[in-house]
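For reference, the structure is listed below as structure tokens.
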Amino acid sequence: MTSQDLVRQVSDVGLDDRPVVGGKGASLGELSRAGMRVPAGYVVTVPAFERGMLEFDPAGAVRGEIERLPAGDDAAIARVTARIRGRIAAAPLPGDVQAAIRASYRGLGAGGRGAPVAVRSSATGEDSAEASFAGLQDTYLWVRGARAVIDNVRRCWASLYNAEAVSYRLRHGIPEQAAAMGVVVQRMVDPRCAGVMFTCSPTTGDRSVIAIEGSWGLGSVLVGGEVTPDSYVVSKVTGEIVRRTVAAKLRLHRLDPAGSGVTSDDVPADRREQACLDDDEIRALARAGRQVESHYGTPQDIEWALTEGASASESIVLLQSRPETVWTPRATRPIATAKASAVDHVFEHLSRVVPIAPPER
């Protein structure tokens, strides 16, 4: 394999490359192609994962063992997957994969200690319209140094066998041969605030609005459920901010003062009940959301961060976009199947009517 087979630049991939770079990697590349601001980085490819697994498990015993597990036996799944993860996490990466990762990491710059990066799992089935693996595999933030990047790539590979991820695949009948892992390595963003955005209402499915949630610091504090975020609703029709709720935000995630990794801290008292977004930033996020939805042609679930910039729009960095999977499938499901004539529809309706039982005498 060449280094191009093992590592791809995020800016060089798109949705068609999902089998090669996984769902997250493909989505980030597609966002970049659409003109959105995305952190620079690269993807350790699915062929690199398969190369590593072939050295680690040439007979394919791991996949066979997983497929034999009963879908409802949580204890057995937890026991088997813990053992598999431990073995993968302890196995060295093939030399050519390590070399490709090191070369691409050097390309991100920052000299001596190396650039701080996020190392993010990108499973092949992740973030598609048919299935969402969001949160089932691992992500590591504020990673520094090539050795640490390589170690965390290995941990991301192992997280393909997290108990929750395996249980999901077993319940949905997803064959193990279809499960593989890319890993995204991106320059770390140090945001003032971060959050999520839905281009339809997450509570009603209303496609005329955009819902935004945000909090101070890294978005991991919101994803992890450690904070009640500020929330905003913006009309797609008028651009008006139709609802805002400013919460008491007590916790934030930030760079560990030691220089790598993430620490959880208290929000300073004077910022706890202060809105993390101003009106210009809310509207700029809504415009970005509409642009992403227009590009994909379907409602999106978007992760965003705000850095320092000359304007609200220039401050926005997008960290992920995936199809919204709760309301959109309902909207596209046909109300009724086609019939040869209108009379056939009437007869079908009548056949569903439950007769009322006569009163007891």
Side-chain angles (χ1 to χ4, degrees), residues 15 17-28 43-54 56-57 60-91 93 118-141 143 150-186 196 219-220 222-225 301 303 319-326 329:
L15 289 185
D17 297 300
R18 176 186 293 274
V20 176
V21 297
K24 187 178 279 93
S27 174
L28 287 164
V43 187
V44 183
T45 64
V46 169
F49 168 81
E50 297 289 3
R51 169 106 164 71
M53 288 298 290
L54 187 61
F56 163 75
D57 180 31
V62 165
R63 283 170 167 155
E65 187 173 14
I66 293 292
E67 288 184 333
R68 289 192 296 273
L69 285 169
D73 192 339
D74 293 342
I77 292 171
R79 183 177 63 256
V80 169
T81 55
R83 175 168 47 78
I84 291 171
R85 289 195 307 277
R87 291 175 58 203
I88 295 173
L93 269 63
V119 182
R120 313 171 68 192
S121 297
S122 179
T124 50
E126 184 176 344
D127 299 338
S128 68
E130 295 76 27
S132 178
F133 291 3
L136 298 186
Q137 285 99 25
D138 291 357
T139 287
Y140 300 92
L141 305 179
V143 177
I150 289 168
D151 288 344
N152 284 296
V153 167
R154 190 167 55 238
R155 292 187 182 105
C156 285
W157 285 2
S159 75
L160 185 67
Y161 300 100
N162 282 349
E164 297 84 355
V166 168
S167 180
Y168 183 97
R169 295 198 296 271
L170 290 171
R171 291 198 316 271
H172 290 81
I174 299 171
E176 283 301 302
Q177 290 297 328
M181 179 71 77
V183 180
V184 177
V185 180
Q186 288 179 287
V196 296
S220 53
L222 192 159
V223 174
D301 169 0
E303 297 176 18
L319 306 175
Q320 177 59 341
S321 186
R322 58 179 69 88
E324 190 280 328
T325 56
V326 176

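Note: hydrogens, waters and symmetry copies are ignored here, and every other heavy atom, side chains too, is used. Quantities reported herein were computed from a predicted structural model and do not represent experimental measurements.
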Query raised in the report: Within a strict 4.5 Å, meaning less than it, do heavy atoms of the V183 and S121 side chains meet?
Result: no

Query raised in the report: With a 4.0 Å cut-off, would you call R63 and E50 a salt bridge?
Result: yes

Query raised in the report: Which atom pair, heavy atoms only, marks the closest approach of T139 to L141?
Result: CG2-CD2, 3.7 Å

Query raised in the report: Does the side chain of V46 come within less than 4.5 Å of V21's, by heavy atoms?
Result: no

Report task. Any chance you could measure S321, atom OG, to E303, atom CD, to the nearest 0.5 Å? Result -> 9.5 Å

**Report entry** Nearest heavy-atom neighbours spanning A89 and A158
**Finding:** N-CB, 4.3 Å

Query raised in the report: How about Q137 and C156: do any of their side-chain heavy atoms sit closer than 4.5 Å?
Result: no

Report task. Without swapping roles, check the side chain of T124 against the backbone of A179 for a donor-acceptor pair under 3.5 Å. Result -> no

**Report entry** V43 and V185: CA distance, side-chain angles, deciding distance, side-chain contact (heavy atoms from CB on, under 4.5 Å) verdict
**Finding:** CA-CA 6 Å; V43 187; V185 180; over 6 Å; no

Query raised in the report: Between CZ of R155 and OH of Y140, what distance do you get to the nearest 0.5 Å?
Result: 6.0 Å

Report task. Drop me the distance from S159's OG to I88's CD1, to the nearest 0.5 angstrom. Result -> 9.5 Å

Query - Y161 side chain near R87 side chain, heavy-atom distance below 4.5 Å - result: no

Query - Nearest heavy-atom neighbours spanning Q320 and S27 - result: OE1-OG, 3.5 Å

Query raised in the report: Can R169 and E164 be counted as an ion pair, charged N to O under 4.0 angstrom?
Result: no

Query raised in the report: What are the two closest non-hydrogen atoms of A91 and F56, and how far apart are they?
Result: CB-CD1, 3.9 Å

Query raised in the report: Below 4.5 Å, heavy atoms only, C-beta onward: do V80 and L69 meet side chain to side chain?
Result: yes

Query raised in the report: Is the backbone of K24 close enough, under 3.5 Å, to the side chain of S122 for a donor and an acceptor to pair up by distance?
Result: yes

Query raised in the report: Is the shortest side-chain N to carboxylate O distance from D301 to R322 below 4.0 Å?
Result: yes

Query raised in the report: Is any side-chain heavy atom of I174 less than 4.5 Å from a side-chain heavy atom of Y168?
Result: yes

Query raised in the report: Rounded to the nearest 0.5 Å, how far apart are CG of L93 and CZ of R51?
Result: 10.0 Å

Query raised in the report: What are the two closest heavy atoms between E324 and V326, and how far apart are they?
Result: OE2-N, 2.8 Å

Requested in this report: Compare all side-chain heavy atoms of V184 with those of V44 and state whether any distance is below 4.5 angstrom.
Outcome: no

Requested in this report: Find out whether R120 and D138 are in side-chain contact, i.e. whether some heavy atom of one side chain is under 4.5 Å from a heavy atom of the other.
Outcome: no

Report summary line: Value for NE2 (H172) from OG (S167), rounded to nearest 0.5 Å, stands at 9.5 Å

Query raised in the report: Which heavy-atom pair separates V153 from V119 by the least distance, and what is that distance?
Result: N-CG1, 4.0 Å

Query raised in the report: Roughly how far, to the nearest 0.5 Å, is CD1 of I84 from CG of N162?
Result: 11.5 Å

